[in-house]
Amino acid sequence: MQEIILIGAPVDSGKRRAGCLMGPDAYRTAGLGQALGDLGYRVRDWGNLTPAEHPVDDPEARLFRQHETIGWTNRLKRAGADAMAKGVPIFLGGDHALSLGSVAGVAAHAAEQGRPQFVLWLDAHTDYHTPETTDSGNLHGTPLGYVTGRGGFGGFPKLAKPIPQENICIIGLRSVDKPEREAMQDTEIMACDMRMIDEGGIATPLAGFLSKVKAANGALHVSLDVDFLDPTIAPAVGTTVPGGATMREGHLVMEMISDSGLLTSLDLVELNPFLDERGRTAQVMVDLAASAFGRRVFDRPTRAFS
Ligand SMILES: [Mn+2]
């Protein structure tokens, strides 16, 4: 039986609006552990982590709470690599800055195993900034820049091996400014915006990406940002952008991931329970996670994802 490891990552340093530190306990309260246990997994909860020791941040600095974010990155990188040796980690965020550490950690494990690391980024934003290109100074917009090896991340832990751009797929984009769009167009990252989903459906690009992961015998990290979803079904996020994925699109993505059998690690990020309505966003995220681990409406034979 596969073991799932819940890693509480109450990271709140990646942006200015506070509240994501309440996320891990909201997922527990919404029954994440129970839901996964009901699916037949052994579930371990490592509790909530704290950042590694770090200097105090200057509140006037251009980059918001950079030292704290570096502390988190060090801590989560180690935890991620440790957890990969034992099971499938789910990082309970916390804002998206936690993925600087979670992805670095799981990628270090993959590099050790000689397996290519792939990342599926479900998000309204590209999160491809660097500390030098971010106008807001919010580091939750930088994890894909970091894990692909862009410059400007002095002070952050060194990556075992940067993730090749072509191993990354972003789905759900709808809030991308001009410099970001231009930076994206110069990369090999597969970027799928909401218009592509409207026109051709969400299954086609995802199936293409999953086939690629499978063909390469890759490890698959999925990073699910609450803002991937439409704010009418998932309001508890600081960066609401209208026009997001529907409930069915969200579940279809997770069910295809489950059918593929490729998932090796997962982030649930940007939930801000302070902005939630009676826990409904936390519940939606728990239900999506359960779909990624095999929950379905009927026990019917499903076709392979490809
Ligand atoms: Mn994000």
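Each ligand, and each atom within it, is numbered from 1 in the order the structure gives.
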Quiz question: by atom type and distance under 3.5 Å, do the side chains of Arg17 and Asn138 form a donor-acceptor pair? no
Distance only, no hydrogens: is a donor on one side chain within 3.5 Å (strictly under) of an acceptor on the other, for Glu270 and His140? yes
Of all N, O or S atoms in His96, the one closest to the Mn ion (ligand 1) is ND1
Have a look at Asp123 and say which of its N, O or S atoms is nearest the Mn ion (ligand 1). OD2
Do any of the N, O or S atoms of Asp127 sit under 2.8 Å from the Mn ion (ligand 1)? yes
If the cut-off is 2.8 Å, does any N/O/S atom of Asp225 fall short of it from the Mn ion (ligand 1)? yes
Please check: side-chain N/O of Asp230 versus main-chain N/O of Thr232, any donor-acceptor pairing under 3.5 Å? yes
Looking at CG of Asp38 and CD of Gln34, how far apart are the two atoms once the value is rounded to the nearest 0.5 Å? 4.5 Å
